Amino acid sequence: MVEEYVTAIPKKSEDFSEWYVQIVRRAELADYTPVKGCMVYRPYGYAIWENIQEALDRRLKATGHQNAYFPLFIPESFLAKEAEHVKGFAPEVAWVTQGGGEELEERLAIRPTSEAIIMHMYAKWVRSYRDLPILINLWNNVVRWEKVTRLFLRTTEFLWQEGHTAHRTSEDAMEETLRIAEIYRDLVENELAIPVYIGRKSEQEKFAGAQATFALEALMPDGKALQAGTTHFFGQNFAKAFEIKYLDSDGEQKYAWTTSWGVSTRLIGGLIMVHGDDAGLILPPRVAPIQVVVVPIFYGNEQEEVIRKAHELAQMLIGAGLRVKVDDRDEYTPGWKFSEWELRGAPLRLELGPRDLAASSAILVRRDNRKKEKVGWDALISRIPVALEEIQSSLFQRAKEFRTANTRRTTDYVQFQRVMEEQRGFLLAPWCGEGACEDRIKADTTATVRCLTTDTAAGATCLCCDRPAAHWAYFAKSY
RNA sequence: CGGGGCGUGGCUCAGUUUGGCUAGAGCGCUUGGUUUGGGACCAAGAGGCCGGAGGUUCAAAUCCUCUCGCCCCGACCA
């Protein structure tokens, strides 16, 4: 029945890419701009980001992190201080070469990430072991001159948070790196309802300048993996490059240990893909800008009474901390609104018409499975939060089942290639850890090592050579 | 950046092969009226120098050159 209403939207199962673009634009999450590679985050899409921000910010502050802001511009010489870092980012940096009509003496990078400027400041701020740790987070934008655009998933400018910390010991820094990865997992799984695998990145895939990178990897419906967040352990690489030294309690000058970590608006792209269906978006209740949309249904003279009651019920729910909107536009029919809010992914719809008015009840409809239930006005305040939780956990379960069904274990390279070709998904396989095998797998299948597991690989042989395996690793094609 | 595709009212597209009169359709939008429990209907309107620049021609949405943008598939990245 949905089919006849939303024929203009391609089916998710038939043309996934086109479905994605249409949903993003028709649900008014984002739009293209005249600026190449740059997007507008429209209010409805930005509200999702604000909810994600709020959820993460709370977790970061609870673990002692503070927000701050650093400049958009980074002098070229700063970027160049850490050799691997500059090598990794140089190809995608945008440069400012003029200001106020004059040529700059030193060109300025528009930050692709802020390690360089932040490490410089940390070097000034750190004198003693008592100054550590420094736990700072930034909510900002960065620019990377990417070659292709995909709304939310890859744009020249994007929004994110980047955390940068400096610690007294290696252990402290590694602990921070892993703690943040867990916070990210908590955020992505419990707020966005997207299950993730967490693990260390291979040498080739790790962040430019890092000693170790940990990543959250989520599975999209087309069988490709999406990196949903990363945390980096820098060892003393940046501390040495930027001279972040402190006097320890034993009287010795030592280099600090640093980390950085980030998640971006790409998460929004992930949740669109993971949860949506042929009728449109399905937003997990915890990050949905509108959790309950109230649709009044009226005929002629009942209009006033129905709308009044709709607002009254909405106010009651808003008072209970829910995000509620009454769609009382009179230029659209109820059926039109139903479809519209399904397209926009509101988790719950509350229908209120004359029949309901007579019965002192309303019809509650779930977006994820379209199940309807009649709820008395008095029961709404208790029923709706429960229904939202049901949707939240049901979305997570559904995504998890899909991932489980599409995570396969193999030790056979021929089978590996076949599955990667025909079904995609995650493939868990033993790997020797050598770049040569990684390259060969990539050349043969376009799949890469998404992350390593901590499972013991004792006794196993590498998927594509004769050496003993060093790790079990998740492989997948990726975004 | 390589290969392929596409740019015509807000949207989806026809018209381009073979140049020709005032550039069309559906949806959407505006106004009025009737409607409203799964994308209502009638009537009257508004809205496009055909992505941009240059060229060929008596004449260009249509042909040529350049350019910009978007989509898909690769390579690179969050």
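Quick caveat: nothing in here was measured; it's all calculated off a predicted structure. Residue numbers start from 1 in every chain, and the chains themselves are labelled A, B, ... in the order their sequence lines are given, proteins ahead of strands. Below, each value reflects all heavy atoms present in this structure, side chains not excepted, and no hydrogens, waters or symmetry copies.
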**Item:** Aromatic ring proximity, centroids under 6.0 angstrom, A:F475 and A:F416
**Value:** yes
Applying a 4.0 Å non-hydrogen cut-off, can you work out what [X] is touching in the nucleic acid: base, sugar-phosphate, or nothing?
{"X": "A:P354", "value": "base"}
{"X": "A:K372", "value": "base"}
{"X": "A:G269", "value": "nothing"}
{"X": "A:T446", "value": "sugar-phosphate"}
{"X": "A:E92", "value": "sugar-phosphate"}
{"X": "A:Q227", "value": "sugar-phosphate"}
{"X": "A:Y32", "value": "sugar-phosphate"}
{"X": "A:T230", "value": "nothing"}
{"X": "A:T155", "value": "base"}
{"X": "A:L267", "value": "nothing"}
{"X": "A:K36", "value": "sugar-phosphate"}
{"X": "A:S17", "value": "sugar-phosphate"}
{"X": "A:I363", "value": "base"}

Flag the pair [X] and [Y] as a salt bridge only when some basic side-chain nitrogen lies within less than 4.0 angstrom of an acidic carboxylate oxygen.
{"X": "A:E304", "Y": "A:R308", "result": "no"}
{"X": "A:K81", "Y": "A:E115", "result": "no"}
{"X": "A:D186", "Y": "A:R59", "result": "yes"}

**Prompt:** Just to confirm, is there a sub-4.0 Å distance from OP1 or OP2 of B:G39 to any side-chain nitrogen or oxygen of A:T333?
**Reply:** no
**Request:** Examine B:A40: is either OP1 or OP2 under 4.0 Å from a nitrogen or oxygen in the side chain of A:Y299? Give yes or no.
**Result:** no
**Asked** Parallel, tilted or perpendicular: which fits the ring planes of A:F207 and A:F234, with parallel below 30° and perpendicular above 60°?
**Response** tilted
**Message:** Tell me whether the rings of A:Y197 and A:Y474 are parallel (<30°), tilted (30 to 60°) or perpendicular (>60°).
**Reply:** parallel
**Request:** Classify the side chain of A:R154 and the base of B:C77 as holding, or not holding, a donor-acceptor pair under 3.5 Å.
**Result:** yes
Using the side-chain heavy atoms of [X], tell me which of these nucleotides is nearest: [options].
{"X": "A:Q303", "options": "B:A78, B:G38, B:U36", "value": "B:U36"}
{"X": "A:R150", "options": "B:G39, B:C72, B:U36", "value": "B:C72"}
{"X": "A:R266", "options": "B:U36, B:A78, B:G38", "value": "B:A78"}

[N] to [M] separation - [atom1] atoms, rounded to the nearest Å:
{"N": "B:G51", "M": "B:G10", "atom1": "P", "value": "13 Å"}
{"N": "B:G4", "M": "B:A75", "atom1": "C1'", "value": "16 Å"}
{"N": "B:U36", "M": "B:C42", "atom1": "C1'", "value": "16 Å"}
{"N": "B:A61", "M": "B:C49", "atom1": "C1'", "value": "11 Å"}
{"N": "B:C50", "M": "B:A60", "atom1": "C1'", "value": "11 Å"}
{"N": "B:C66", "M": "B:U12", "atom1": "P", "value": "28 Å"}
{"N": "B:G33", "M": "B:C72", "atom1": "P", "value": "46 Å"}
{"N": "B:G24", "M": "B:A40", "atom1": "P", "value": "30 Å"}

In whole angstroms, how far is the [atom2] atom of [N] from the [atom1] atom of [X]?
{"X": "A:N369", "N": "B:G38", "atom1": "CG", "atom2": "P", "result": "18 Å"}
{"X": "A:E28", "N": "B:G28", "atom1": "CD", "atom2": "C1'", "result": "13 Å"}
{"X": "A:R370", "N": "B:G37", "atom1": "CZ", "atom2": "P", "result": "17 Å"}

**Message:** Going by purine N1 to pyrimidine N3 plus the second Watson-Crick contact, or the G-U wobble pair, all under 3.5 Å, which nucleotide sits opposite B:G38?
**Reply:** none
**Asked** Given that both distances must come in under 3.5 Å, which nucleotide forms a Watson-Crick or G-U wobble pair with B:A75?
**Response** none
**Asked** Within the side chain of A:R111, is there an N or O that forms a donor-acceptor pair under 3.5 Å with the backbone of A:N141?
**Response** yes
